[in-house]
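Some notes on the structure that comes next.
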2 protein chains.
Amino acid sequence: MPPPDGRRARGDRRRREILSATLRVVERDGVAGVSHRSVAREAGVPTTSTTYYYATLDDLLIATLTWSAEEMAASFREVPLTPAAVARFIADAAGAHRGRTLAEYELYLLAARRPELRPAARRWVSLMAEVAGPRDPVRLRAVLAGLDGLLIQALIADFPPMAEDLEPVVSLLMLGG
Amino acid sequence: MPPPDGRRARGDRRRREILSATLRVVERDGVAGVSHRSVAREAGVPTTSTTYYYATLDDLLIATLTWSAEEMAASFREVPLTPAAVARFIADAAGAHRGRTLAEYELYLLAARRPELRPAARRWVSLMAEVAGPRDPVRLRAVLAGLDGLLIQALIADFPPMAEDLEPVVSLLMLGG
DNA sequence: AGACTAGTGGAACAGGCGTTCAACTTTCTG
DNA sequence: CAGAAAGTTGAACGCCTGTTCCACTAGTCT
């Protein structure tokens, strides 16, 4: 039996390797493509390694998505709160970082069915709220919803939108008509 | 071999039964829960029936989600374009019709990975655009994104939001600050 | 009536799955 | 150094999967 998740141990490196291999599988094939065996193949370790550190598939999935959401929220911290910068962030999320963004939204939907994933799914929402400071809460909710919607609609467009096309919409959302 | 999808035939009733059974499975267990066998069980027909009418699982899934999206878009047609009515629609979608709405968003994410599903996924977006008439396109995109975001965030809330709480946010989105 | 097609359904194949087990090596601890 | 704990691994169990095959019935045409 491995030591409990929080405690440090010798196998920390492998733990991380498994986690990042899982994320790569999710990005490539979606949550549906995650199995002990597919993750083990991707990480180049035997199958039993993944079950050793994460007893069930659920544990593995939850650990991966939680960690990924933390990283994504952290990366949003760097974005200046100007319409142009936010538009660029959205364009990148649907373009260069498309796989990662897809993983994030698979987390959303999984969270809708599994309460234990909800704090992780809401992390970037609450981060945004914190960054925006104590503004008008109604406007804040509208902006948050708008950005989420722009992101998800960008994912199902035939071509990822360009930052310049997004910018006026983001501007309208953030600054008001 | 069954007659091609468009042509009428004797087995039309069963076709519909299989489709609606599939939708029930998606609502209950998500897209991941759909298999020839689980659908056949739900519909009370032998396993081979589902493969007879929909040769592959993909065919079945695509037919189901497309049909469901059409129904959902049609139901939105009835909603008056006032903030209060739209807020009520969102609250119901995350409350009473939660399973159906979840199915809709699983379609979204599947569409991100499979281009053939994208027209169906965008159906309600383009319907909204048509209903709204030739307004300011920037505002239109902002409103559409905002409604999508409100919906998806409502799905990962611990309690579905009430229409009264949604109404000012919807109002801000639709009418501007 | 005979031929043909649509529809029905039981059985089976090969393959992937989650998970467990037991044997083994490495590393830490007293 | 001895013993415990942590880590590693191949093999295996039973289950579910997508799909195919084949035998069969019920309607529909000529």
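FYI, side chains are in, hydrogens and waters are out, and symmetry mates aren't considered; it's all heavy atoms of this structure. The shown structure was predicted, so the numbers you read here are calculated from the model rather than taken from an experiment.
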Rounded distance (Å) that lies between atom [atom2] of [N] and atom [atom1] of [X]:
| X | N | atom1 | atom2 | result |
| --- | --- | --- | --- | --- |
| R14(B) | dG27(D) | CZ | C1' | 15 Å |
| H36(A) | dG14(D) | NE2 | P | 20 Å |
| D12(A) | dA6(D) | CG | P | 13 Å |
| L60(A) | dG18(C) | CG | P | 10 Å |

| message | Should the side chain of R37(A) and the base of dG18(C) be counted as holding a donor-acceptor pair, with the cut-off at 3.5 Å? | response | yes
| message | Between E42(A) and R37(A), does any NZ, NE, NH1 or NH2 come within less than 4.0 Å of an OD or OE carboxylate oxygen? | response | no
| query | Are R88(A) and E167(A) ion-paired here, with the side-chain N under 4.0 Å from a carboxylate O? | reply | no
| query | Considering only heavy atoms, which members of residues 25-35 of chain B lie under 4.0 Å from some atom of DNA chain D? | reply | V34(B), S35(B)
| Within the pair R13(A) and dA6(D), is there a side-chain N or O less than 4.0 Å away from OP1 or OP2? | no
| query | Is Y53(B) touching bases, backbone alone, or none of the nucleic acid, heavy atoms closer than 4.0 Å? | reply | sugar-phosphate
| task | Identify whether any heavy atom of Y52(A) sits under 4.0 Å from a base atom; if not, whether one sits that close to sugar-phosphate; answer base, sugar-phosphate or nothing. | result | base
| task | Any chance you could measure D148(B), atom CG, to Y108(B), atom OH, to the nearest 0.5 Å? | result | 3.5 Å
| said: Using 0.5 Å steps for rounding, measure from the CD atom of E106(B) to the CG atom of L65(B). | reply: 8.5 Å
The side chain of [X] is closest to which nucleotide in this list: [options]?
| X | options | result |
| --- | --- | --- |
| R41(A) | dT8(C), dT9(D), dC17(C) | dC17(C) |
| L57(A) | dT19(C), dG18(C), dT19(D) | dG18(C) |
| T51(A) | dT20(C), dT19(D), dT8(D) | dT20(C) |

| field | Row check, Y54(A) ring normal vs R15(A) NZ/CZ: under 6.0 Å, within 45° | value | yes
| message | Against V86(B), only a single residue in L173(B), V170(B), V143(B) fulfils side-chain contact (heavy atoms from CB on, under 4.5 Å); can you say which? | response | V170(B)
Residues 156-164 of chain B, side-chain donor-acceptor partners within the protein, below 3.5 Å, at least two apart:
{"unit_1": "D158(B)", "atom_1": "OD1", "unit_2": "R118(A)", "atom_2": "NH1", "d": "3.4"}
{"unit_1": "D158(B)", "atom_1": "OD2", "unit_2": "R122(A)", "atom_2": "NH2", "d": "3.3"}

